[in-house]
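This report refers to the structure that appears directly beneath it.
This one's a predicted model, so the numbers in the text were calculated from it and none came from an experiment.
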Amino acid sequence: MPDPSNVSRVALLGVPAEMTRTDTVTVAAVDRVSTGPHGAGPGPGAAHAPQSKIDMHHHFCAPEWREWAERHELIKPGQLPPWARLDTEATIGFMDRAGIATAVLKPMLPARYGSSAQLREAVNITLQSMVEVATSHPGRFAFYAPLFLDDPDTSSWTVRRGLGRLGAAGVNVTANYGGVYLGDPSYDRVFSELNDHGAVVDTHPHNLPGCPPGASTVPGIPNFMCDFLLDTTRAAVNMISRRTLDRFPDISVILPHAGGFLPYIASRLRALGRFCEPPVDPGVVRDYLRRFYYDTAGPMAGAAALLEHVSADRVLFGTDWPAGPADTVTELALPALDSDPALTPRQLQGIYRDNALRLLPQLATV
């Protein structure tokens, strides 16, 4: 496990490293991200109402954190991608067009932190910002508390503050920290605390271990295209191998992007899991695939591949906004979900709203 005091720690939640390069953030660039390729909104055909959906995969970069991080020279002006600078009103406009009633914020705090104290300050600023956003817009927002599992003391503090005092809907973690994947025993202390809270543990991929910061593993192909899906898959397989859900039975784990490649390698894992260390029993693979939750951010592939292994009541709607542009959500992802032949209208209602309310009843009263 990485040393929590390691000053070279790169702490990223929900942002591709190749998108953290220095760019000139212009009004035009932000407009393209927030409205689609033609700068005029997603268009009348893309409107998706009524406002009933719950977005379980919705990125958030606190403006207070950005100012603080720039002031402390943790990031350079313009380093973040343009979408990280969108304000709440732009987000609500997107939500209204997409028919989203409530979004659960996934916080991003991309910087190198010099100490645990500095990391704790960054987390606290972000938590306070999300509380303010949720309070200022009743019913529209809930939020996850960001955990950095390579710093167990700060993670424990965040669990107590975020879940215990501020009303976070759950916690957000990355698939790996310095190459140490979810399921590793070094995270057991924090997972035990999460289990005591019966917490929802929302996961998000990161760059694969060994990938140079800011660089694509394959030149010209963004890491979020392929590597992120593999990162999620590695974390899921490690949690299966380490029997994480058996050791911490009261947590609920959400895998983003429909579980990465997990649905496609399920048969391979059942057949060849005996070569893992510790070995993976085929029955455990079937059991865990049914116990994970999955979001639709992506857009995801056709639902049939996932539903071969998973009940539709474990699938949650997610947009990936604003990393995922508005037109991708309204013109591709939503129409694909609505017309997917593997999904019934009742199942779609569950994916868009009801499944999230069963998992997080508090979303009905945020």
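A 4.5 Å side-chain heavy-atom check between P256 and T232 finds at least one atom pair inside the cut-off. Looking at heavy atoms from C-beta onward, V173 lies out of side-chain contact with Y187 at the 4.5 angstrom threshold. Looking at heavy atoms from C-beta onward, P110 lies out of side-chain contact with I75 at the 4.5 angstrom threshold. Inter-residue side-chain proximity for W65 and L109 is flagged as met; some heavy-atom pair is nearer than 4.5 Å. Inter-residue side-chain proximity for K53 and L334 is flagged as met; some heavy-atom pair is nearer than 4.5 Å. Looking only at side-chain heavy atoms (C-beta outward), S186 and V180 come within less than 4.5 Å of each other. By the 4.5 Å heavy-atom criterion applied to side chains, V253 and L245 are counted as neighbours. Here the side chains of S115 and Y113 are not in contact, with every heavy-atom distance at 4.5 Å or above.
Between D184 and R242 there is no salt bridge, since none of the side-chain N atoms of the basic residue sits less than 4.0 Å from a carboxylate O of the acidic one. Of the charged side-chain nitrogens involved, at least one lies within less than 4.0 Å of a carboxylate oxygen, so that D246 and R291 count as a salt-bridged pair. The pair R189-D153 counts as a salt bridge, with a side-chain nitrogen and a carboxylate oxygen less than 4.0 angstrom apart. Looking at R85 and E70, a side-chain N of the basic residue comes within less than 4.0 Å of a carboxylate O on the acidic one, giving a salt bridge.
The shortest heavy-atom contact between L337 and F317 is CD1-CD1, 4.0 Å. Here the closest non-hydrogen pair linking L166 and F143 is O-CZ, 3.5 Å. The nearest pair of heavy atoms linking L289 to V310 is O-CG2, 3.3 Å. Residues P335 and V329 come closest through the heavy atom pair CD-O, 4.1 Å. Between L163 and A199, the shortest heavy-atom distance links the atoms CD1-CB, 3.9 Å. In terms of heavy atoms, T174 sits closest to H206 at CB-CB, 4.5 Å.
Not a single ring pair (Phe, Tyr, Trp, His ring centres under 6.0 Å) links Y293 to another residue, sequence neighbours left out. By the side-chain hydrogen bond (donor to acceptor under 3.5 Å, both in side chains) test, N355 pairs with R358, sequence neighbours left out. Shown here are the side-chain hydrogen bond (donor to acceptor under 3.5 Å, both in side chains) partners of N176, two or more places apart in sequence or in another chain: D231. Every side-chain contact (heavy atoms from CB on, under 4.5 Å) that S155 has, sequence neighbours left out, goes to L147, L149, V190. Checked against side-chain contact (heavy atoms from CB on, under 4.5 Å), L360 has the following partners two or more places apart in sequence or in another chain: M56, A169, V200, Q362, L363.
Atom CG in L194 sits 11.0 Å away from atom OG in S252 (nearest 0.5 Å). Within the model, atoms CG of L105 and OG1 of T102 stand 10.5 Å from one another, a figure rounded to the nearest 0.5 Å. The CG atom of L127 lies 6.5 Å from the OG1 atom of T158; values are rounded to the nearest 0.5 Å. Rounding to the nearest 0.5 Å gives a distance of 5.5 Å between CG of L359 and CD1 of I254. Atoms NE2 and NZ, on H59 and K106 in that order, are 6.0 Å from each other to the nearest 0.5 Å. To the nearest 0.5 angstrom, F248 atom CZ is 13.5 Å from R243 atom CZ.
Within 6.0 Å of CZ in R71 there are more than 12 heavy atoms belonging to other residues, nucleotides or ligands. Counting non-hydrogen atoms of neighbouring residues, nucleotides and ligands closer than 6.0 angstrom, the CD atom of E132 reaches no more than 12 such neighbours.
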*asked:* Working note: R165 + R160, criterion side-chain contact (heavy atoms from CB on, under 4.5 Å); need CA distance, chi angles, decisive distance, verdict.
replied: CA-CA 7 Å; R165 294 180 57 190; R160 294 192 301 272; over 6 Å; no

*Under the side-chain contact (heavy atoms from CB on, under 4.5 Å) criterion, do T319 and I100 qualify, and how do the steps go?*
CA-CA 10 Å; T319 64; I100 296 168; 3.8 Å; yes

*Test salt bridge (Lys or Arg N to Asp or Glu O under 4.0 Å) applied to R140 and D96, step by step*: CA-CA 10 Å; R140 301 312 301 267; D96 290 346; 3.0 Å; yes

*asked:* Determine whether Y352 and I54 satisfy the following criterion, side-chain contact (heavy atoms from CB on, under 4.5 Å), listing intermediate values before the conclusion.
replied: CA-CA 6 Å; Y352 282 136; I54 296 176; over 6 Å; no

*Take H257 and Y294 through the test side-chain contact (heavy atoms from CB on, under 4.5 Å) and record every step on the way to the result.*
CA-CA 7 Å; H257 311 121; Y294 306 80; over 6 Å; no

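Judged by distance alone, with hydrogens and angles left aside, the side-chain atoms of N172 form a donor-acceptor pair with the main-chain N or O of D202 at under 3.5 Å. No donor-acceptor pair closer than 3.5 Å links the side chain of S241 to the backbone N or O of V237. R353 places a side-chain N or O within 3.5 Å of a backbone atom of S52 that can act as its donor or acceptor partner. Although no hydrogens or angles enter the test, the distance criterion places a donor-acceptor pair under 3.5 Å between the side chain of D340 and the main chain of A303. Under a 3.5 Å cut-off, the side chain of D227 and the backbone N or O of L208 do not form any donor-acceptor pair. In this structure a side-chain-to-backbone donor-acceptor pair under 3.5 Å is present from Q118 to G114. Counting only distance, with no hydrogens or angles, the side chain of S192 and the backbone of D188 share no donor-acceptor pair below 3.5 Å. Side-chain atoms of N238 come within 3.5 Å of backbone N or O of L182 as a donor-acceptor pair. In terms of modelled atom types and a separation under 3.5 Å, the side chain of T328 and the main chain of G324 share no donor-acceptor contact. Distance alone, capped at 3.5 Å, places no donor-acceptor pair between the S129 side chain and the I125 backbone.
Between Y288 and F292, the ring planes are perpendicular. Angles over 60° get that label, and only those under 30° would be called parallel. In this structure, W321 and F94 have parallel ring planes: the angle between them is below the 30° cut-off, well short of the 60° mark. Using bins of under 30°, 30° to 60° and over 60° for the plane-to-plane angle, the ring pair F228/H204 lands in the perpendicular bin.
Residues L332 and W83 do not share a hydrophobic cluster, defined by chaining ILVMFWY side chains whose heavy atoms lie under 4.5 Å apart.
In this structure, a donor-acceptor pair under 3.5 Å is absent between the side chains of H58 and D320.
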Would you mind writing out the side-chain donor-acceptor pairs for residues 264-274 within the sub-3.5 Å range, not counting sequence neighbours?
| from | atom 1 | to | atom 2 | distance (Å) |
| --- | --- | --- | --- | --- |
| S267 | OG | R270 | NH2 | 3.2 |
| R274 | NH1 | A271 | O | 2.5 |

